[in-house]
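Note that this is a predicted model, so its numbers are computed, not measured.
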Amino acid sequence: MDWQQVLATRSGRMKASEIRELLKLLDQPDIISFAGGIPDPALFPAAAFRDAMDRALTGPMAGAALQYSVSEGYKPLREWIAGHMATIGIPCAADQVLITSGSQQALDYLGKLFLDPADTALVTWPAYMGALGAFNAYEPRYDRLDPKGNRPAEAIAEAAEAAGGRVKFAYLSADFANPTGETLGRSGREALLDLAEALDIPIIEDAAYQALRYDGAAVPPILALELARKGDLNACRTIYSGSFSKVLSPGLRVGWVVAAAPVIQRLVLMKQAADLHSPTLNQIATEQVARAIFDDHTANLRRVYGARRDAMLAALARHMPEGVRWTKPEGGMFVWLTLPEGMDGADLLAQSLKSERVAFVPGRAFFADGSNGNTLRLSFSCADEAMIEEGMKRLGRLIGAS
């Protein structure tokens, strides 16, 4: 069978995730890895989940936990999320929340919902590579989203039309973005809302790291700012994508979307066609754990990860040679390095794995056009302070010698 002849054209845009491949390195004990943007498993609330699973599988509740359920998601979990959203300036009803199998599924559904081949997706430069992977299957064109820039909406729309489509949405992670760790300020968020109004497009707000702020003043989510303008969630164009993966458990694959009713209704239809619903047992356990420990648990995460962020920034200052620049994130899991011109992150990784045994993610994969090879992403979430110090020492030595 010649499989190539029957594959859809979109399959040619599906690529292996560099991060997924690099995660295989974690099995090699001599590697110091700053590659995977994953939470530290030592911090998982395993006991709380074990108790929640036991309760969910005991007595009459077991029937519901192991049964098919509604596509919208387990209602008590959606009610808890609605209450949580109100604390960050986004009051909503449970019916305005959809449970997804992680925020990655939400990105896939939103790409499917909005993109036709040759349409334009506005993304940051760089952007989360998982989002690019999700959108790629729907054959878009990418254009650069720069809320702090001065490129007029008309120029963006004209470029999209010249390419044979139209601008369909703007996607970004506004808080502690993957991969840069940077946060978009309030004025930038307001400017993005103005741009979206001028283009008449939705905004996809990827808020996977929103709860992980270590210092600095919190900035209202984009959806909160729009809600303050319009007064009604159903009048808003911002689609908020949240996740429990970075704060409770990535393995249970529980995320959510909050959006205007017409968007939720369409996404529910997609959910019905794709997997019917996210696992009921996982949703029940997540609701119980979130209701019991969310605030205390995330406070502990901020303490631990914040100390690791501080250790990485201090080690970078000690060990990086002249000409290397890096971001100074207020939260999240990442620091973004820009190497001197002429250096390539992928080449550096190959050298590093061979001689220094330090892993990271080359930056080129985060750019929709494959540019900016002289960049790389470091994650501090799974490394203790001694590993961070030794890893930055080795990496700085390698960069200085290259």
Query raised in the report: Hey, does the side chain of Y109 reach the backbone of T100 with a donor-acceptor pair shorter than 3.5 angstrom?
Result: no
Query raised in the report: Taking the six-membered ring for Trp, is the centroid-to-centroid distance between F169 and F135 below 6.0 Å?
Result: yes
Query raised in the report: So among F360, Y209, F366, which one has a ring pair (Phe, Tyr, Trp, His ring centres under 6.0 Å) with F334?
Result: Y209
**Report entry** Any P140 side-chain heavy atom under 4.5 Å of F114 side chain
**Finding:** no
Query raised in the report: Looking only at heavy atoms, what is the nearest atom pair of L199 and A157, with distance?
Result: CD2-CB, 3.9 Å
Report task. Under the side chain to side chain contact (heavy atoms under 4.5 Å, CB included) rule, what do I203 and L172 come out as? Steps first, then yes or no, please. Result -> CA-CA 8 Å; I203 298 168; L172 80 164; 4.0 Å; yes
Query raised in the report: Given side chains that start at C-beta, do those of H277 and V70 come closer than 4.5 Å, heavy atoms only?
Result: no
Query raised in the report: Between D175 and T183, is any pair of side-chain heavy atoms under 4.5 Å apart?
Result: yes
**Report entry** Short side-chain to backbone donor-acceptor contact, S71 and L276, under 3.5 Å
**Finding:** yes
Report task. Would you indicate whether the side-chain heavy atoms of C236 and L223 approach each other to under 4.5 Å? Result -> yes
Report summary line: Rounded to the nearest 0.5 angstrom, the CD1-CZ distance for I264 and R266 is 13.0 Å
Requested in this report: May I ask you to say whether E390 pairs ionically with R394, meaning some side-chain N is under 4.0 Å from a carboxylate O?
Outcome: yes
Query raised in the report: What distance do D108 atom CG and M270 atom CE have between them, rounded to the nearest 0.5 Å?
Result: 8.5 Å
Query raised in the report: How many angstroms lie between CD in E330 and CD in E182, if you round to the nearest 0.5 Å?
Result: 10.5 Å
Report task. Take I99 and I81 through the test side chain to side chain contact (heavy atoms under 4.5 Å, CB included) and record every step on the way to the result. Result -> CA-CA 10 Å; I99 303 299; I81 290 170; 3.6 Å; yes
Query raised in the report: Can R397 and E356 be counted as an ion pair, charged N to O under 4.0 angstrom?
Result: yes
**Report entry** Approximate separation, where rounding is to 0.5 Å, of L348 CG and M343 CE
**Finding:** 5.0 Å
Query - Donor-acceptor pair, side chain of R213 and main chain of G331, under 3.5 angstrom - result: no
Requested in this report: Determine whether F34 and V358 make a side-chain contact, defined as any pair of heavy atoms from C-beta on separated by less than 4.5 Å.
Outcome: yes
Query raised in the report: P221 and I90: which non-hydrogen atoms are nearest, and at how many Å?
Result: CB-CD1, 3.9 Å
Query raised in the report: Would you call N178 and R377 a side-chain contact if the rule is heavy atoms closer than 4.5 Å?
Result: yes
Requested in this report: May I ask you to decide if N374's main-chain N or O and D344's side chain share a donor-acceptor pair within less than 3.5 Å?
Outcome: no
Report task. Using side chain to side chain contact (heavy atoms under 4.5 Å, CB included) as the criterion, point out the one residue from L398, I399, L339 that pairs with P321. Result -> I399
Report task. Return yes if some donor-acceptor pair links the side-chain N/O of S243 with the main-chain N/O of G102 below 3.5 Å, else return no. Result -> no
Requested in this report: Identify the heavy atoms of Q104 and G130 that sit nearest to each other, and give their distance.
Outcome: NE2-O, 2.8 Å
Query raised in the report: Could you state the interatomic distance from CH2 (W125) to CG (D146), rounded to the nearest 0.5 Å?
Result: 11.5 Å
**Report entry** Short N-O contact, D369 and R144, less than 4.0 angstrom
**Finding:** no
Requested in this report: Please report the C-alpha distance between T124 and T180 in whole Å, then the side-chain angles of each, then the deciding distance to 0.1 Å, and finally whether the side chain to side chain contact (heavy atoms under 4.5 Å, CB included) criterion is met.
Outcome: CA-CA 10 Å; T124 51; T180 65; over 6 Å; no
Requested in this report: If the plane angle is over 60° it's perpendicular, under 30° parallel, otherwise tilted; pick one for F176 and Y214.
Outcome: parallel
Query - Short side-chain donor-acceptor distance under 3.5 Å, K271 and S278 - result: yes
Query raised in the report: Have Y74 and N282 got a donor and an acceptor in their side chains that come within less than 3.5 Å?
Result: no
Report task. May I ask you to decide if G370's main-chain N or O and R364's side chain share a donor-acceptor pair within less than 3.5 Å? Result -> yes
Query raised in the report: Does D119 reach the main-chain N or O of D116 with its side chain, forming a donor-acceptor pair under 3.5 Å?
Result: yes
Query - Geometric class of the F244/F294 ring pair [parallel <30°, tilted 30-60°, perpendicular >60°] - result: perpendicular
Query raised in the report: Would one find more than 12 heavy atoms of other residues, nucleotides or ligands at under 6.0 Å from atom CD of Q5?
Result: yes
Query raised in the report: Are D275 and R253 ion-paired here, with the side-chain N under 4.0 Å from a carboxylate O?
Result: no
Query - Shortest non-hydrogen separation from P45 to V289 and the atoms involved - result: CG-CG1, 4.4 Å
Query raised in the report: Angle class for the F367/W336 ring planes (parallel below 30°, perpendicular above 60°, tilted otherwise)?
Result: tilted
Query raised in the report: Within a reach of under 6.0 Å around CZ of R325, are more than 12 heavy atoms found that belong to other residues, nucleotides or ligands?
Result: no
Query raised in the report: Of all heavy-atom pairs between S103 and S241, which one has the smallest distance, and what is that distance?
Result: CB-OG, 3.5 Å
Query raised in the report: Which pair of heavy atoms, one from A260 and one from L233, lies closest together, and at what distance?
Result: CB-O, 3.7 Å
**Report entry** Within-4.5 Å side-chain heavy-atom neighbours: D215 and R309
**Finding:** yes
Query raised in the report: Got L376 and L349 here, is their nearest side-chain heavy-atom distance under 4.5 Å?
Result: no
Query raised in the report: How about T238 and E226: does a side-chain donor come under 3.5 Å of a side-chain acceptor?
Result: yes
Requested in this report: Starting at CD1 of I32, measure out to CD1 of I388 and round the result to the nearest 0.5 Å.
Outcome: 10.5 Å
Report summary line: Quick note, side chain to side chain donor-acceptor pair (under 3.5 Å) partners involving residues 190-205, not counting sequence neighbours, are E190-R229, D194-R229, E197-K230, E197-R237, D200-R237
Query raised in the report: Where the side chain of T327 meets the backbone of P329, is there a donor-acceptor pair that is under 3.5 Å apart?
Result: no
Query raised in the report: Between the side chain of R291 and the main-chain N/O of P76, is any donor-acceptor distance below 3.5 Å?
Result: yes
Report task. State, without any angle test, whether Q96 and Y240 hold a side-chain donor-acceptor pair at a distance under 3.5 Å. Result -> no
Report task. Start with the C-alpha gap between T280 and L66, add the side-chain angles, then the distance that decides, and say whether side chain to side chain contact (heavy atoms under 4.5 Å, CB included) holds. Result -> CA-CA 7 Å; T280 312; L66 298 176; over 6 Å; no
